[in-house]
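Report on the structure given below.
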Amino acid sequence: PCRKVDHQEECWSCTDIICCVLFMLVITGYMVVGILAWLYGDPRHVLYPRNSTGMYCGIAPNHDKPNVFYFNILQCATATNIMAAALQGLQCPTTQICVKSCPSDFWSSLTVYRRLVAQESVLLFSGVSLVLMTVTLITLTLQPPPTSLSLSDMMNSFNARDVGVRIFADFASTWQWIVLGLVIAMLASLLFLLLLRFLAAILVWVLIIGVLAVGAFGIWYCYNEYTLLANSPVTYNNVGFTTNVNVYLQIRDTWLAFLIILCVVEGLLLLILIFLRTRILIAIALIKESSKAVGYMMSTLCYPIVTFVLLLVCVSYWGITALYLATSGAPVYNVVALNASQGDCRSITGNQTCDPLVRNNAFNSTLYPTCPSARCVFIKYNTEGLFQRNIFNLQIYNVIAFLWCVNFVIALGHCTLAGAFASYYWAFHKPADIPACPLVSSFMRALRYHVGSLAFGALILTIIQVVRIILEYIDHKCRAAQNPCGRFLMCCLKCCFWCLEKFIKFLNRNAYIMIAIYGKNFCVSAKNAFLLLMRNILRVVVLDKVTDLLLFFGKLLVVGGIGVLAFFFFSGKIQVPGSLFRASELNYYWMPIITVVVGAYLITHGFFSVYNMCVDTLFLCFLEDLERNDGSAEKPYYMSKNLMKILNKKNKQPKK
């Protein structure tokens with residue numbers, strides 16, 4: 001397929017085929033890993049607690065007993081048992097049974113049990129049983145407490161489940177208003193982007209003048225403070241070094257330094273404004289043109305939903321695969337003497353395997369009659385098989401494939417939006433020459449011809465991110481060493497790779513735009529985009545900063561306005577006539593406020609990311625238009641009349 005771009009027929013073909021094949025192989029392997037993890041893994045290991053025999057609490061046959069009861073948790077807390085559990089993968093060496101609910105009262109017995117601690121969840125991972133206590137009370141008593149003392153009364157302020165229930169109740173009573181707030185945020189974001197078509201120049205100049213006005217006010221204030229302290233005897237020699245910053249504000253020279261700095265900054269801003277005024281006008285015109293493009297292709301504003309869904313699929317697949325990999329392997333049970341002092345337990349070495357589901361009922365009487373405390377106890381998960389021995393390697397593969405897929409999804413979004421907006425710019429008669437369904441056409445074109453190029457760029461970024469993860473891991477492990485040279489070197493490496501990642505993201509973004517315009521491979525597109533931007537570096541800086549300033553102001557306006565509105569509503573300061581909602585009935589009114597603010601930010605960021613991509617695409621098309629065309633009848637400009645007016649250019653009329 002071909003289309004006319006810049007007076008030339010640009011024909012598409014598959015690009016970076018080798019990388020495309022490699023990406024497909026990795027995805028196929030990723031699917032195989034997921035299938036194997038699903039076959040060997042069992043997420044019940046981390047979702048349900050176990051009793052001493054390894055049976056799950058909360059599912060059949062203990063479906064009505066979701067909690068696990070520890071008879072003497074002090075045995076789990078001793079240093080010897082902790083070390084033994086860590087080295088051998090043993091559970092806590094005390095009897096554990098499934099119960100319907102945790103006891104609420106202290107109780108005493110003639111046995112050694114002096115205290116009871118119940119917990120509601122035990123998460124068991126491969127090799128080692130990790131006990132995560134969601135509700136834990138440590139109260140050591142030598143004598144039984146009074147029977148009137150209730151454990152539930154002491155745990156009210158620490159009951160996480162009760163807090164969760166209250167939060168859920170708040171969401172249940174306010175979800176309609178939360179959705180309404182998010183809809184308002186969506187409409188406000190859309191309205192702001194569309195109004196930029198008419199108000200971009202006003203907003204930009206208001207913001208620029210506002211910055212200059214703030215600087216002028218700072219200069220006046222510093223000069224005023226400087227004159228007021230004219231007779232002050234306090235100097236730096238008198239004060240010396242102090243952590244009280246207010247002392248330095250009583251020194252006249254401090255305000256003189258502030259005054260000089262602000263004057264220099266204000267002068268630089270005025271010079272930049274004078275010499276770059278034309279480029280600022282170009283940036284404003286491109287922003288207006290971007291608003292027109294978004295207005296003609298409103299479907300582009302919905303594309304962030306596609307990206308969100310694809311990213312959600314990637315994250316879910318990675319999380320589920322990691323969970324199943326971590327829980328792969330059949331459980332192993334050994335014969336353990338819970339109390340070796342009772343009877344003759346010398347025959348129990350701890351290596352005898354057993355099956356609690358088959359032989360537990362007749363276990364003590366038939367096999368070990370001299371050791372009444374012998375039990376068939378869950379020890380660990382089997383790690384002998386080939387699949388189980390490579391769990392760590394498969395987890396690494398899971399992470400790398402996940403990062404590559406995420407970066408590919410983001411690259412696909414950039415290329416799709418760039419192709420749609422490029423079709424707008426290269427339409428000579430707008431909007432008549434804009435192709436039908438430009439977003440869908442660009443999406444299908446990217447999937448059909450440019451998977452390899454997008455995967456290539458995503459792979460480069462993934463490698464850098466993996467290196468950053470390794471550096472973070474090494475830094476975390478070596479942090480206790482406190483080696484100044486090593487810490488300095490590690491800090492430099494982390495900073496360098498952070499900068500490299502930012503640069504690669506910038507380069508990839510513009511490379512995807514060039515791929516969408518001309519259909520070249522990744523390396524050629526990245527080189528052409530980089531050289532094009534370097535030849536117009538001042539325009540790049542001005543446009544980038546002006547766009548960032550506008551979009552930051554828009555985010556602040558939308559998110560801040562929605563947040564303030566949500567605060568006044570959910571705190572009860574604003575009442576809706578005829579509404580059944582009562583703010584006084586909320587347990588935590590700040591939870592729906594936080595939800596609305598976070599949701600509004602995500603919605604605003606999604607809309608503005610589309611707009612930002614539109615500005616970047618039209619900017620590259622504009623630079624290509626300037627370099628390739630001269631306004632003649634054979635090579636007319638595709639830019640808007642406003643841009644041609646700013647640059648003092650025009651298209652020559654063809655001779656009749």
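Below, each value reflects all heavy atoms present in this structure, side chains not excepted, and no hydrogens, waters or symmetry copies.
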So Phe506 and Asn510, side chain to side chain contact (heavy atoms under 4.5 Å, CB included) or not? Walk me through it.
-> CA-CA 7 Å; Phe506 170 78; Asn510 291 282; 3.5 Å; yes
Does CD1 belonging to Ile18 count more than 12 external heavy atoms closer than 6.0 Å? no
Sequence neighbours excluded, the answer for disulfide bond (SG atoms under 2.5 Å apart) partners of Cys57 is Cys98
For the residue pair Leu325 and Tyr40, establish whether any side-chain heavy-atom pair is separated by less than 4.5 Å.
-> no
Distance col, row Tyr303:OH vs Leu439:CG, nearest 0.5 angstrom, shows 7.5 Å
Heavy atoms of Ile400 and Thr462 approach each other most closely as O-CG2, 3.9 Å
Here the gap from Cys405 atom SG to Tyr30 atom OH, rounded to the nearest 0.5 Å, amounts to 6.5 Å
So CG of Leu403 and CG of Leu461: to nearest 0.5 Å the spacing works out to 9.0 Å
When every non-hydrogen atom of Ala458 is compared with those of Trp404, the smallest separation belongs to CB-CD1, 3.6 Å
Atom pairs and distances, donor-acceptor, side-chain atoms in residues 488-502, under 3.5 Å, two or more places apart:
{"unit_1": "Lys494", "atom_1": "NZ", "unit_2": "Asp475", "atom_2": "OD2", "d": "3.1"}
{"unit_1": "Glu501", "atom_1": "OE1", "unit_2": "Arg468", "atom_2": "NH1", "d": "2.5"}
{"unit_1": "Glu501", "atom_1": "OE2", "unit_2": "Gln465", "atom_2": "NE2", "d": "3.3"}

- Sub-3.5 Å donor-acceptor pair from the side chain of Thr15 to the main-chain atoms of Tyr449, do we have one? yes
Would you mind reporting whether Val399 and Trp318 have side-chain heavy atoms less than 4.5 Å apart? yes
Practice prompt. Report yes if some heavy atom in the side chain of Val315 is under 4.5 Å from a heavy atom in the side chain of Phe402; otherwise report no.
Written response: yes
| task | Report, as yes or no, whether the 6.0 Å neighbourhood of atom CZ on Phe530 holds more than 12 heavy atoms from other residues, nucleotides or ligands. | result | no
CG of Asp616 to CG of Leu620, rounded to nearest 0.5 Å, is 7.0 Å
With a cut-off of 6.0 Å (strictly less than), are more than 12 heavy atoms of other residues, nucleotides or ligands near CE of Met24?
yes
Exercise for review: Over 60° means perpendicular and under 30° means parallel, so classify the ring planes of His605 and Tyr601, tilted if in between.
Suggested key: parallel
- Task: Determine whether more than 12 heavy atoms belonging to other residues, nucleotides or ligands lie under 6.0 Å from atom CE of Met31.
- Result: no
- prompt: Quick one: are Ile603 and Phe607 in side-chain contact, heavy atoms under 4.5 Å?
  reply: yes
- Any Ile513 side-chain heavy atom under 4.5 Å of Met613 side chain: yes
Self-check item: Criterion side chain to side chain contact (heavy atoms under 4.5 Å, CB included) on Cys614 and Thr300, from CA distance to verdict
Solution: CA-CA 10 Å; Cys614 181; Thr300 56; over 6 Å; no
dist Met444:CE -> Cys437:SG (nearest 0.5 Å) comes out at 12.0 Å
d(Ile27 CD1, Leu22 CG) to nearest 0.5 Å is 10.0 Å
- prompt: How are the rings of Phe456 and Phe522 set to each other: parallel, tilted or perpendicular (split at 30° and 60°)?
  reply: tilted
Nearest heavy-atom approach of Ala600 to Leu182 is N-CD2, 3.7 Å
Of all heavy-atom pairs linking Asn521 and Ser453, the shortest is CA-OG, 3.8 Å
Heavy-atom nearest pair, Lys100 first then Pro66, reads O-CD, 3.6 Å
Query raised in the report: Within the distance-only criterion (no hydrogens, no angle test), does the side chain of Thr416 pair as donor or acceptor with the backbone N or O of Leu412 below 3.5 angstrom?
Result: yes
Tightest non-hydrogen contact, residues Cys415 and Ala446, listed as SG-CB, 4.1 Å
Problem set entry | Intermediate values then yes/no, side chain to side chain contact (heavy atoms under 4.5 Å, CB included), Leu417 and Tyr512 | CA-CA 10 Å; Leu417 291 173; Tyr512 299 146; over 6 Å; no
How far apart are the C-alpha atoms of Val26 and Tyr397, what are their side-chain angles, what is the distance that settles it, and do they pass the side chain to side chain contact (heavy atoms under 4.5 Å, CB included) test? CA-CA 9 Å; Val26 170; Tyr397 184 87; 3.8 Å; yes
